[in-house]
Amino acid sequence: MNEIQAELFRLQDLKYREFQSKLIPGLREDEMIGVRTPALRKYARELSKQEGVEEFLKDLPHLYFDENQLQAFLISAIKDYDQCIDAVNAFLPYVNNWATCDQLSPKVFKKHKRELLSQVEMWIESEETYTIRFGIGMLMQHYLDEDFCGDYPRMVSEICSDEYYVNMMVAWYFATALAKQYDEVLPYIENGKLQRWTHNKTIQKAIESYRIRPEQKAYLKSLRIK
């Protein structure tokens, strides 16, 4: 653990730490080391080939944000599905910011979508902000194309939360869904199935998307709730 922490401090960029601390509410600057993402990814690739990295993954909670980012990258590279799921579920209770949540994106999930779905449902039903956000993110990433089903946007629409980072992810999901499954998802907007803030944020993000046609954007603008 000391060797990993020492290497992270060797990679430290204090100006980047100052900049980064302004982007992630809820974390103090002294909880960050200040390692740039490309350097963290490179270090994660090196660590993943070394013996004993499992000890770092089990050493929770970590002290620094950068250690959590490193953990997210290491988990994302695990090739065994069951091992990866165990690592994700052990880590999620300690995820305390949007950046770490969104960096956690295991590659092996693409090959196990059928098994993954029950996990996604469990994450979405959690009471933890970033566990819910992660579940929505996985549903958005893996189930909006050939594996899309009309039940999935319904699951997301039924999430009721006062948490900004949950509602922002709901809006992101529906804006992306409008770009990929417009006809299937549009009724959720037309019929006001989302909370007012999330509804309007979805429309805003959809209008900003280059994947949605101009006539679709014009119609979505007319559906804003004032």
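Residue numbers run from 1 in the order of the sequence given. When reading the values below, keep in mind they use all heavy atoms of this one structure, side chains included, and skip hydrogens, waters and symmetry mates. Since the structure is predicted, the reported quantities are computational estimates derived from the model, not experimental observations.
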>> Between Lys113 and Glu146, does any NZ, NE, NH1 or NH2 come within less than 4.0 Å of an OD or OE carboxylate oxygen?
In response: yes
Does Lys15 form a salt bridge (Lys or Arg N to Asp or Glu O under 4.0 Å) with Glu18? I'd like the steps, not just the answer. CA-CA 5 Å; Lys15 289 185 177 179; Glu18 181 181 358; over 6 Å; no
Does Leu57 reach the side chain of Phe91, with side-chain heavy atoms less than 4.5 Å apart?
no
- Message: Show, in sequence, the C-alpha distance, side-chain angles and deciding distance for Val35 and Tyr16, and conclude whether the side-chain contact (heavy atoms from CB on, under 4.5 Å) test is met.
- Response: CA-CA 7 Å; Val35 183; Tyr16 181 68; over 6 Å; no
For Lys107, does the NZ atom have more than 12 heavy-atom neighbours from other residues, nucleotides or ligands under 6.0 Å away?
no
Here the pair of heavy atoms bringing Met140 nearest to Thr176 is SD-OG1, 3.5 Å
Between Tyr182 (side chain) and Ile212 (backbone), is there a donor-acceptor pair under 3.5 Å?
no
Within the 4.5 Å heavy-atom criterion, are Arg213 and Gln216 side-chain neighbours or not? yes
query = Are the side chain of Asp59 and the backbone N or O of Glu55 linked by a donor-acceptor pair below 3.5 Å?
reply = no
Does Asp162, at its CG atom, have more than 12 non-hydrogen atoms belonging to other residues, nucleotides or ligands within less than 6.0 Å?
no
message: In this structure, is the centre-to-centre distance between the rings of Tyr152 and Tyr143 below 6.0 Å?
response: yes
- Compute the centroid of each ring, for Tyr188 and then for His199, and state whether the two points are separated by less than 6.0 Å. no
Heavy-atom nearest pair, Val170 first then Thr202, reads O-OG1, 4.5 Å
(request) Show the numbers, then the answer: is there a side-chain contact (heavy atoms from CB on, under 4.5 Å) between Val88 and Trp123? (result) CA-CA 11 Å; Val88 166; Trp123 293 326; 3.8 Å; yes
dist Leu11:CG -> Asp66:CG (nearest 0.5 Å) comes out at 9.5 Å
Less than 4.5 Å apart, side chain to side chain, heavy atoms only: is that true for Val108 and Gln83? no
Steps toward side-chain contact (heavy atoms from CB on, under 4.5 Å) verdict (Ser21, Arg28): CA-CA 7 Å; Ser21 66; Arg28 303 188 310 273; over 6 Å; no
Can you get from Leu40 to Leu14 by hopping between Ile, Leu, Val, Met, Phe, Trp and Tyr side chains that sit under 4.5 Å apart?
no
* **Distance-only polar pair, side chains of Gln103 and Arg41, donor-acceptor under 3.5 Å** => yes
In this structure, NE2 of His142 is separated from NZ of Lys110 (nearest 0.5 Å) by 7.0 Å
Query raised in the report: Side chains of Met168 and Trp197: closer than 4.5 Å at any heavy-atom pair?
Result: yes
- prompt: Heavy atoms, side chains only, cut-off 4.5 Å: are Pro93 and Thr131 in contact?
  reply: no
Quick one: does any side-chain atom of Gln69 pair with a main-chain N or O of Thr100 as donor and acceptor, under 3.5 Å? yes
I want to know whether Trp98 and Tyr164 have ring centres closer than 6.0 Å. no
CD1 of Ile24 to CG of Asn97, rounded to nearest 0.5 Å, is 5.0 Å
Practice item. Using distance alone, with no hydrogens and no angle criterion, decide if Gln119 and Asn89 have a side-chain donor and acceptor under 3.5 Å apart. Key: yes
>> Please evaluate residues Arg154 and Glu158 with respect to the criterion salt bridge (Lys or Arg N to Asp or Glu O under 4.0 Å), reporting the C-alpha separation (whole Å), side-chain torsions for both, the decisive distance (0.1 Å), and the verdict.
In response: CA-CA 6 Å; Arg154 177 188 55 78; Glu158 291 176 352; 3.4 Å; yes
Requested in this report: Determine whether Phe73 and Leu47 make a side-chain contact, defined as any pair of heavy atoms from C-beta on separated by less than 4.5 Å.
Outcome: no
Q) Does atom NZ of Lys111 have more than 12 heavy-atom neighbours, drawn from other residues, nucleotides or ligands, at distances under 6.0 Å? A) no
Correct closest heavy-atom pair for Phe109 and Met138 would be CD2-SD, 3.7 Å
Have Ser105 and Gln141 got a donor and an acceptor in their side chains that come within less than 3.5 Å?
yes
*Does the distance from a Lys or Arg side-chain N to an Asp or Glu carboxylate O, for Glu208 and Lys205, drop under 4.0 Å?*
no
key: Residue pair Val53, Ser48: steps toward the side-chain contact (heavy atoms from CB on, under 4.5 Å) verdict   = CA-CA 7 Å; Val53 70; Ser48 66; 5.9 Å; no
Name every donor-acceptor pair, under 3.5 Å, that has one atom in a side chain of residues 219-226 and the other anywhere in the protein, sequence neighbours excluded.
| unit_1 | atom_1 | unit_2 | atom_2 | d |
| --- | --- | --- | --- | --- |
| Tyr219 | OH | Glu190 | OE2 | 2.7 |
| Ser222 | OG | Tyr219 | O | 2.5 |

Separation between CG (Leu63) and CG (Asn68), nearest 0.5 Å, reads 9.5 Å
Quick check on Lys193: does its NZ atom have over 12 non-hydrogen neighbours (other residues, nucleotides or ligands) under 6.0 Å away?
no
Nearest heavy-atom contact between Tyr130 and Val95 is CD1-O, 3.6 Å
Checking Ser76 side chain against Ala72 main chain: does a donor-acceptor pair fall under 3.5 Å? yes
Heavy-atom closest pair (Ile4 atom, Tyr43 atom, distance to 0.1 Å) is CA-OH, 3.4 Å
Minimal heavy-atom distance between Ala177 and Val185, with the atoms involved, is CB-CG2, 3.6 Å
- prompt: Are any non-hydrogen side-chain atoms of Ser161 and Ile132 less than 4.5 angstrom apart?
  reply: no
Looking at side-chain heavy atoms only, is the closest gap between Phe174 and Thr198 below 4.5 Å?
no
Value for CD (Gln204) from NZ (Lys201), rounded to nearest 0.5 Å, stands at 4.0 Å
Taken to the nearest 0.5 Å, the spacing of Leu104 CG from Arg133 CZ works out to 12.5 Å
Taken in chain and number order and not counting sequence neighbours, the residues that satisfy side-chain hydrogen bond (donor to acceptor under 3.5 Å, both in side chains) with Glu184 are none
Original post:
Taking atom CD of Glu127 as the centre, does the number of heavy atoms from other residues, nucleotides or ligands within less than 6.0 Å exceed 12?
Top reply: no
Practice prompt. Answer yes if the ring centres of Tyr64 and Phe9 are under 6.0 angstrom apart, and no otherwise.
Written response: yes
